[in-house]
Protein chains: 2
Amino acid sequence: MPKVGMEPIRKAALVKATIVEIGRVGSLDVTVSQIAKRAGMSSALAHHYFGSKEEIFLAAMRHILSLYGAEVRGALVVASTPRDRLRAIILANFSPGNFRREVIGAWLNFWVLAQTSPQARRLLKIYQGRLRSNLLSALRPIAGSSALDLAEGLGAVIDGVYLREALKSGAPDGKAAAEVALNYLNAQLKGFPS
Amino acid sequence: MPKVGMEPIRKAALVKATIVEIGRVGSLDVTVSQIAKRAGMSSALAHHYFGSKEEIFLAAMRHILSLYGAEVRGALVVASTPRDRLRAIILANFSPGNFRREVIGAWLNFWVLAQTSPQARRLLKIYQGRLRSNLLSALRPIAGSSALDLAEGLGAVIDGVYLREALKSGAPDGKAAAEVALNYLNAQLKGFPS
DNA sequence: AAGTTTATTGACTCGTCAATCAACAAAAAA
DNA sequence: TTTTTTGTTGATTGACGAGTCAATAAACTT
């Protein structure tokens with residue numbers, strides 16, 4: 001049976017299964033066996049490709065981060081004015097691709113993972129840095145020296161909305177979630193010339 | 001040696017130790033033995049008083065919630081105007097009593113616990129409900145029908161700031177954290193008559 | 001055709017940990 | 001003073017799970 005060139009396929013399946021399982025169980029207490037089973041292989045194979053459970057988690061995190069990054073980048077290229085770009089960033093954060101139950105659950109658990117794993121912490125900081133610099137570069141032309149504070153606040157709102165969504169049930173409403181952040185943005189920018 | 005009337009003392013010590021250990025380890029993967037050891041007793045005694053690990057966690061959560069509630073209530077009684085009350089709520093959220101490393105770490109992990117434990121979820125929802133109703137009753141006289149949206153946003157900022165603090169190192173700066181939320185509040189209330 | 005690399009798994013090891021239990025001690029009640 | 005209640009722990013059980021390994025097989029290389 002063994003076909004050659006399985007590695008990327010297996011890895012991708014494991015990464016996907018990891019996110020689903022973490023979201024389903026609601027914690028990092030998922031066994032490698034559970035993940036492997038959902039990905040349609042034995043746990044030994046999962047270990048074979050990733051070496052350890054932590055590596056599997058980190059790969060899942062990288063995957064989510066890269067999806068997120070792509071979404072934001074894609075939204076930014078079609079936005080011309082600073083205000084458009086801010087709007088685009090917020091909408092991308094709550095796009096159907098990112099703002100999904102399993103992904104939200106995974107995010108929450110990655111914050112926890114970052115408390116113990118330096119690598120996970122590094123990855124989360126990269127996400128924060130990107131978000132921050134995207135916001136800043138769009139905010140500065142509008143708000144000048146207030147941009148720093150606004151970016152901090154906006155980032156906190158976005159993360160907070162994610163966190164809170166983890167406590168809700170049913171399908172996440174990205175539109176409503178984005179509204180909270182957009183609302184904040186509009187209020188803050190009211191005083192600045194358009 | 002056995003003195004009588006130990007139960008409340010032992011329980012309190014365990015609750016305290018639980019929060020410290022969760023904060024120290026950075027996850028719920030703390031053993032009952034670790035907790036019991038820090039509290040100065042055997043793990044068997046911890047089980048004797050709480051029955052299960054989950055009960056220990058829930059007791060710790062209730063403790064944090066009650067400290068939090070007391071702090072907010074205390075701050076509210078000395079605030080007269082709606083604006084004062086809003087300010088008081090925010091400051092209480094980031095008071096030195098609540099905004100501490102271990103407590104922040106514990107909060108984060110309680111969000112995770114709420115994903116799997118219905119009781120923990122219930123407790124977190126009580127916290128959210130309280131915060132929300134406190135904010136609403138202070139916001140309505142000022143903002144009227146916008147109060148709902150503002151409370152939602154303000155709640156998200158507060159939770160978001162907590163979440164983000166979990167990724168930082170060093171002593172938490174409650175003053176700076178509160179500033180982010182106050183900043184949001186001021187921007188939102190700009191349009192309303194003072 | 002023989003040898004090497006890649007894919008794959010079942011069975012196993014080894015450690016950890018929640019929870020239980022038997023046993024002992026001191027205080028309080030009878 | 002016997003009995004019961006409360007406090008306490010060391011030792012043990014039982015389960016579970018990460019990671020390893022030997023074995024098997026298909027596919028590529030030479």
Side-chain angles (χ1 to χ4, degrees), chain A residues 1-22 24-61 109-110 112-113 115-120, chain B residues 1-22 24-61 109-110 112-113 115-120:
Chain A
M1 291 206 207
K3 311 257 174 75
V4 130
M6 294 306 306
E7 178 156 357
I9 294 160
R10 293 303 201 186
K11 279 193 167 182
L14 282 167
V15 160
K16 203 171 168 186
T18 302
I19 293 162
V20 172
E21 280 300 292
I22 291 178
R24 193 180 65 76
V25 174
S27 88
L28 297 172
D29 285 338
V30 289
T31 69
V32 175
S33 296
Q34 281 172 347
I35 294 170
K37 186 171 189 182
R38 177 166 297 265
M41 71 195 80
S42 73
S43 68
L45 196 52
H47 275 105
H48 173 66
Y49 282 125
F50 280 106
S52 75
K53 191 180 177 178
E54 176 158 9
E55 280 304 320
I56 300 179
F57 283 161
L58 290 172
M61 217 173 145
N109 282 285
F110 289 154
V112 173
L113 187 59
Q115 306 296 303
T116 43
S117 157
Q119 305 215 55
Chain B
M1 291 209 203
K3 310 254 172 81
V4 129
M6 291 270 77
E7 178 155 356
I9 294 160
R10 293 302 201 185
K11 280 193 168 181
L14 283 167
V15 159
K16 203 171 167 187
T18 302
I19 294 163
V20 173
E21 279 300 292
I22 291 178
R24 194 182 62 79
V25 174
S27 88
L28 296 173
D29 285 338
V30 289
T31 69
V32 174
S33 295
Q34 281 172 346
I35 294 170
K37 185 171 189 182
R38 178 167 297 265
M41 72 196 79
S42 73
S43 69
L45 195 51
H47 275 105
H48 174 65
Y49 282 125
F50 280 106
S52 76
K53 191 179 177 179
E54 177 160 8
E55 281 303 321
I56 300 179
F57 283 161
L58 290 173
M61 215 172 147
N109 282 285
F110 289 154
V112 173
L113 187 60
Q115 307 295 303
T116 44
S117 157
Q119 307 216 55

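Hydrogens, waters and symmetry mates play no part in the numbers below; they use all other heavy atoms, side chains included. Convention: sequence-line order gives letters A, B, ...; per-chain numbering from 1.
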Mark yes or no for whether B/Lys53, through its side chain, and B/Val30, through its backbone, hold a donor-acceptor pair below 3.5 Å. yes

Out of [options], which nucleotide sits closest to the side chain of [X]?
X	options	result
B/Ser52	C/dA28, D/dA27, C/dA19	C/dA19
A/Arg10	C/dT8, D/dT8, C/dT9	C/dT8
B/Val4	C/dA28, D/dA18, C/dC17	C/dA28
A/Lys53	D/dG7, D/dA18, C/dA18	D/dA18
A/Leu45	C/dT9, C/dC17, D/dA18	C/dT9
A/Ala44	D/dT20, D/dT9, C/dT8	D/dT20
B/His47	D/dG10, C/dA18, D/dG17	C/dA18

Using a 4.0 Å heavy-atom cut-off across all strands, classify A/Ser42 as base, sugar-phosphate, or nothing.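 Counting heavy atoms under 4.0 Å across all strands, the contact made by A/Ser42 includes a base.
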
Could you walk me through whether B/Arg10 and B/His48 pass side-chain contact (heavy atoms from CB on, under 4.5 Å), step by step? CA-CA 10 Å; B/Arg10 293 302 201 185; B/His48 174 65; over 6 Å; no

Respond yes when some side-chain nitrogen or oxygen of A/Tyr49 is under 4.0 Å from OP1 or OP2 of C/dT8, and no when none is.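 Answer yes for this pair, as a side-chain N or O of A/Tyr49 is under 4.0 Å from OP1 or OP2.
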
For B/Lys11, I'd like to know if atom NZ has over 12 heavy atoms of other residues, nucleotides or ligands within 6.0 Å. yes

